[in-house]
There are 2 protein chains.
Amino acid sequence: MQRIKEILRSKNLRPTKQRVLIADHLFDGTDKHVTAESLFRELSSNKRDVSLATVYNTLHEFCKKELLNKITLDADKVYFDTNTSLHHHFFSEKDKILLDIKNEDVKISLMPKAPKGKKIKKVELVIHLED
Amino acid sequence: MQRIKEILRSKNLRPTKQRVLIADHLFDGTDKHVTAESLFRELSSNKRDVSLATVYNTLHEFCKKELLNKITLDADKVYFDTNTSLHHHFFSEKDKILLDIKNEDVKISLMPKAPKGKKIKKVELVIHLED
DNA sequence: TCAATAGTTTAGAATTATTCTAAACTGATA
DNA sequence: TATCAGTTTAGAATAATTCTAAACTATTGA
Ligand SMILES: [Mn+2]
Ligand SMILES: [Mn+2]
Ligand SMILES: [Zn+2]
Ligand SMILES: [Zn+2]
């Protein structure tokens with residue numbers, strides 16, 4: 001719990017009850033891809049300590065502070081990735097499931113150069129799956 | 001106009017007034033990335049010959065018949081691509097603009113293998129841009 | 001210790017892209 | 001030309017997300 005509070009403080013986020021609960025759930029050491037709804041559901045399975053609005057607020061703040069990465073490859077459902085290291089994804093549209101691809105399992109040996117006046121912010125490889 | 005009707009007939013789509021109007025606009029030889037709204041706006045600039053529901057219906061049908069490709073990389077806005085050949089995209093989240101990357105400008109020399117029981121449907125490289 | 005306050009949480013309303021429904025319409029066919 | 005499957009449509013419904021504004025709370029400095 002102290003570890004979680006440290007993480008929050010280090011990002012200038014007050015360690016409120018709700019943020020600690022959310023961060024504790026998210027940063028438990030296992031990589032996760034959550035949606036606002038899935039996270040809200042998991043948190044409120046027992047007690048209702050966090051509102052949906054706070055889940056949204058917190059996910060966005062965590063993104064801004066680079067504790068999470070936002071992934072949008074499905075209309076109407078944004079995923080948040082606790083694995084903030086460089087990596088890619090498999091995506092099964094049918095199952096709505098995201099799987100990590102380790103960065104070393106992909107090699108892009110030729111990349112186009114960015115259009116004039118723009119910089120490359122992120123290179124995202126999505127491998128869409130079917131059965 | 002006859003060319004457009006041929007395209008539709010070849011896909012077993014009745015060349016209705018609305019579909020011809022839409023297809024004529026989409027398949028004019030230049031590659032486009034449209035949204036339902038943008039297409040609806042462009043079509044109804046003068047006369048109102050097509051309803052928004054029909055725009056949605058038609059875009060989905062054209063996708064099913066592989067006259068278009070669906071691209072979802074922005075929550076709440078689906079893009080439809082008239083360029084159905086193999087290629088990738090730059091995406092500027094700020095401008096909400098998609099730019100084609102020619103397939104030969106990208107080389108992926110190492111690809112992970114699909115998870116057991118799944119096949120690779122599509123490999124999508126999205127290069128996110130910033131200023 | 002505690003008051004002040006900036007930051008945070010919240011319920012519920014609003015927004016918005018998209019889908020659904022069911023009735024009216026129309027292109028193809030015989 | 002009648003028939004009917006296929007198509008279009010307005011408007012309602014849905015659903016993820018954002019907004020609003022009032023209540024709450026962690027922090028801080030007196
Ligand atoms: Mn939507
Ligand atoms: Mn949405
Ligand atoms: Zn991931
Ligand atoms: Zn394209």
Review point. Linking I/L/V/M/F/W/Y whenever any side-chain heavy atoms sit under 4.5 Å apart, do B:Leu73 and A:Val126 land together?
Key: no
Review point. When hydrophobic residues are tied together by side-chain contacts of less than 4.5 Å, even through go-betweens, does B:Phe40 share a cluster with B:Tyr56?
Key: yes
**Study point:** Ion pair check, B:Glu6 and B:Arg9, cut-off under 4.0 Å
**Key:** yes
Check your understanding: NZ of A:Lys77 versus C1' of C:dA17: gap in Å, rounded?
Key -> 15 Å
Check your understanding: Any chain of hydrophobic side-chain contacts (each under 4.5 Å) joining B:Phe62 to B:Phe80?
Key -> yes
**Study point:** Between B:His87 and B:Asp81, a side-chain donor and acceptor under 3.5 Å
**Key:** yes
Exercise for review: Using atom CG of B:Asp49 as one end and atom P of D:dT7 as the other, report the distance to the nearest whole Å.
Suggested key: 18 Å
Review point. Expressed in angstrom and rounded to an integer, what is the separation of A:Leu8 atom CG from C:dG7 atom C1'?
Key: 14 Å
Review point. Between B:Glu124 and A:His128, is any side-chain donor less than 3.5 angstrom from a side-chain acceptor?
Key: yes
Exercise for review: Starting at the 5' end of nucleotides 25-30 of chain D, put B wherever the base has a protein heavy atom under 4.0 Å, S where only the sugar-phosphate does, and a dash everywhere else.
Suggested key: BBS---
Review point. Starting at CG of A:Asp74 and ending at C1' of D:dT17, how long is that distance when rounded to a whole Å?
Key: 14 Å
Check your understanding: Between D:dA16 atom C1' and A:Asp76 atom CG, what is the distance in whole Å?
Key -> 6 Å
Check your understanding: Which of the following nucleotides, C:dT10, D:dT8, C:dT8, is nearest to the side chain of A:Gln18?
Key -> C:dT10
Review point. Are A:Asp131 and B:Lys119 within salt-bridge range, i.e. N to O under 4.0 Å?
Key: no
Study note, to complete from the structure: Within residues 52-61 of chain B, the residues having a heavy atom closer than 4.0 Å to DNA chain D are B:Ala53, B:Thr54, B:Asn57
Exercise for review: Identify the heavy atoms of B:Leu125 and B:Val106 that sit nearest to each other, and give their distance.
Suggested key: CD2-CG1, 3.8 Å
Review point. Rounded to the nearest Å, what distance is computed from the CD atom of residue B:Glu37 to the P atom of nucleotide C:dT19?
Key: 12 Å
Review point. What integer distance in Å separates A:Lys96:NZ from D:dA15:P?
Key: 13 Å
Check your understanding: Over how many whole Å does the gap from B:Leu21 atom CG to D:dT9 atom C1' extend?
Key -> 16 Å
**Study point:** Flag for B:Asn83-B:His33: side-chain donor and acceptor within less than 3.5 Å
**Key:** no
